[in-house]
Structure formats: structure tokens, C-alpha cells
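The structure appears below as C-alpha cells.
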Amino acid sequence: MGNFYVVDHPLIRHKLTMMRKKDTSSKDFRQLLEEISMLMGYEVTKDLPVEDTEIETPICKTVGKKISGKKPAIVPILRAGLGMVEGLQRIIPSAKIGHIGLYRDPNTHLPVEYYCKLPPEMEKRRVIIVDPMLATGGSASDAVTTVKSRGGKNILLMCLVAAPEGVKKMQKDHPDVDIYCAALDECLNEKAYIVPGLGDAGDRIFGTK
Ligand code: PRP
Ligand code: URA
């Protein structure tokens with residue numbers, strides 16, 4: 001089964017609490033999401049492969065380490081996942097960016113895919129799928145299926161707030177995919193929103209409500 005990690009750090013807890021508040025502005029919400037994504041990026045990249053590289057310091061020759069292999073791919077699930085890209089890109093500036101467009105049907109809560117554009121040679125890359133909300137898990141599970149159908153093998157999911165239902169679905173559908181989040185919340189409500197959650201992440205990022 002895939003590992004499930006809550007990236008627990010005082011800065012992340014503090015920033016997430018500010019994001020949850022209903023009066024937090026779109027501008028602050030976006031900035032906080034970007035900052036948390038950068039902090040979580042440190043954790044989700046901890047096992048990227050490295051290789052030796054010969055360099056010369058102002059003093060002498062020595063051997064350092066550099067990240068090896070193909071550039072990682074960051075794949076946001078549109079729309080809300082876009083809010084996590086900038087923070088991750090700050091620490092992995094050479095990452096390639098793919099996009100998967102999914103929305104939840106408001107009645108069935110099932111994901112509907114409307115867009116997909118991924119970098120080439122996905123099978124050789126570490127793939128980091130990002131979406132702030134893991135609710136029923138339908139969107140994340142479908143996104144992983146899409147990435148796998150394009151060759152992706154080494155995949156992880158980075159989200160902000162997860163519901164137990166979504167974690168369970170992901171672990172059932174994709175036991176090979178590790179999940180990182182900033183908080184595991186209590187449950188889903190009757191509209192499949194995370195409780196206590198932070199509301200509709202896409203609307204809060206883009207000010208569409
Ligand atoms: C939200 C969120 C996830 C999905 C999570 O997107 O960003 O993609 O819901 O729900 P699930 O785990 O039950 O599938 P939404 O469908 O609202 O689209 P948006 O990002 O375009 O607002
Ligand atoms: N999508 C969101 O944006 N928020 C939730 O709580 C659930 C799904």
C-alpha cells in the first residue's frame with residue numbers, strides 16, 4: 001500500500017489555519033498556498049536520485065552531488081492545483097509542467113476530464129501530481145490513471161487537505177502512489193466537501209464566488 005504522510009511543521013500548521021478562515025482574501029489565500037507548497041516541496045523531493053559531479057571551488061577540486069535523471073514533472077489538476085505550482089517550481093525550477101483538467105460534477109461528485117497535456121517521456125520522470133483538496137478521491141485517482149496511461153510510473157500526490165475517504169480510495173485504486181498532505185481532516189459532508197476543510201479551493205484561489 002502507498003505511504004500516507006502528513007507533513008507536520010509549525011509554519012505549515014499556522015499558514016493552513018489562516019487559509020481555512022472564511023474571511024481570508026483570495027490574495028492571501030493564494031500566497032499562503034504557494035508558501036505551504038514550497039515548504040512541502042522540501043519533503044516530497046527528499047528521495048530524488050542524486051549522482052556525483054566534479055566541481056572546482058575557489059580553493060580546490062572536489063566532488064559534489066547533483067540531481068540525476070530526467071527532470072521531474074509537476075502536474076496540477078485544474079483549476080485549484082495551479083495554486084501549488086509556483087511554490088514547488090521555486091525549489092525545482094527546471095521541472096516540466098503538465099496539466100490535467102478535471103471538474104467534479106455537482107450532482108454525482110464524479111470527476112469529468114476536459115484537458116490533458118503532459119511532458120514527453122513520463123515513464124522516466126518523478127511525477128508530482130498536485131491538488132489542494134483530496135475529498136472523495138475521485139479526481140486524484142482519475143488523474144493518476146491518466147498519468148499512468150501516458151507511461152508515468154514514479155508518481156506521488158501532494159495535496160493540502162485530505163479526507164479519510166479520499167485517502168482510502170487512493171490507496172485502493174493506486175497502492176503504488178505515496179500521498180503527502182498538510183492535514184488529515186475529519187470527514188466529508190453531504191455535498192462531498194471536506195469538514196472542517198477550507199471550502200471550495202478553486203473558487204477561493206480565483207475569486208469565482
Ligand atoms: C476540487 C479540487 C479537486 C476535487 C476534489 O476541484 O480541487 O480537484 O474538487 O474532490 P474529489 O476528491 O471529490 O474528486 P473542482 O472539481 O471543484 O474543480 P476546480 O478546481 O476547477 O474548482
Ligand atoms: N473540492 C474543494 O474545493 N473543496 C472540498 O472541500 C472538496 C472538494
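Atoms within a ligand are numbered from 1 in the order they appear, just like the ligands themselves.
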Quiz item: Tell me: protein heavy atom nearest atom 5 (C) of ligand 2, and distance?
Solution: Tyr193 CD2, 3.3 Å

Quiz prompt | Pair Ser37, Glu86: side-chain N/O donor-acceptor within cut-off below 3.5 Å | solution = no

Quiz item: Which bit of Ala80 gets closer than 4.0 Å to ligand 1, counting heavy atoms only: side chain, backbone, both or neither?
Solution: both

Quiz item: Can you find a non-hydrogen atom of Ala163 under 4.0 Å from ligand 2?
Solution: no

Self-check item: The one among Thr136, Asp203, Leu188, Leu134 that brings a heavy atom closest to atom 11 (P) of ligand 1
Solution: Thr136

Quiz item: Counting distance only, does the side-chain N/O of Arg126 pair as donor-acceptor with the main-chain N or O of Gly69 below 3.5 Å?
Solution: no

Practice problem: May I ask whether Gly137 places a heavy atom under 4.0 Å from ligand 1? | Solution: yes

Self-check item: Contacting atoms of ligand 2, where contact means under 4.0 angstrom from a heavy atom of Ala135
Solution: 7 (C), 8 (C)

Quiz item: When you measure from atom 6 (O) of ligand 2 to every protein heavy atom, which one gives the shortest distance, and what is it?
Solution: Ile194 N, 2.8 Å

Practice problem: Below 4.0 angstrom from a heavy atom of Tyr103, which ligand 1 atoms are there? Numbered from 1 as shown, please. | Solution: 16 (O)

Practice problem: Could you list which atoms of ligand 2 come closer than 4.0 Å to a heavy atom of Gly199? | Solution: 2 (C), 3 (O), 4 (N), 5 (C), 6 (O)

Quiz item: Should the proximity of Asp131 to ligand 1, defined as any heavy atom under 4.0 Å, be assigned to the side chain, the backbone, both, or neither?
Solution: side chain

Quiz item: Can you tell me if Tyr193 and Asp200 form a side-chain donor-acceptor pair at under 3.5 Å?
Solution: yes

Exercise. Identify, by atom number and element, the atoms of ligand 2 in contact range of Arg104, meaning under 4.0 Å from any of its heavy atoms.
Key: 7 (C), 8 (C)

Quiz prompt | Side-chain donor or acceptor of Thr24 paired with backbone N/O of Met18 under 3.5 Å | solution = yes

Quiz item: Side chains of Lys169 and His174: donor-acceptor distance under 3.5 Å anywhere?
Solution: no

Quiz item: If you measure from each non-hydrogen atom of Ala80 to ligand 2, which part falls under 4.0 Å: side chain, backbone, both or neither?
Solution: neither

Quiz prompt | Arg125 side chain vs Pro120 backbone, donor-acceptor pair below 3.5 Å | solution = yes

Quiz item: Where the closest heavy atom to atom 4 (C) of ligand 1 is concerned, which of Gly138, Ser139, Ser141 has it?
Solution: Ser139

Exercise. Spell out, as yes or no, whether a donor-acceptor pair under 3.5 Å connects the side chain of Arg79 to the backbone of Gly101.
Key: no

Quiz item: Got a sec, which pairs hit side chain to side chain donor-acceptor pair (under 3.5 Å) with one end in residues 87-101, sequence neighbours left out?
Solution: Glu34-Arg90

Exercise. Without swapping roles, check the side chain of Asp105 against the backbone of Asn107 for a donor-acceptor pair under 3.5 Å.
Key: yes

Quiz prompt | Interfacing atoms of ligand 2 (cut-off 4.0 Å, heavy-atom, Ala201) | solution = 2 (C), 3 (O)

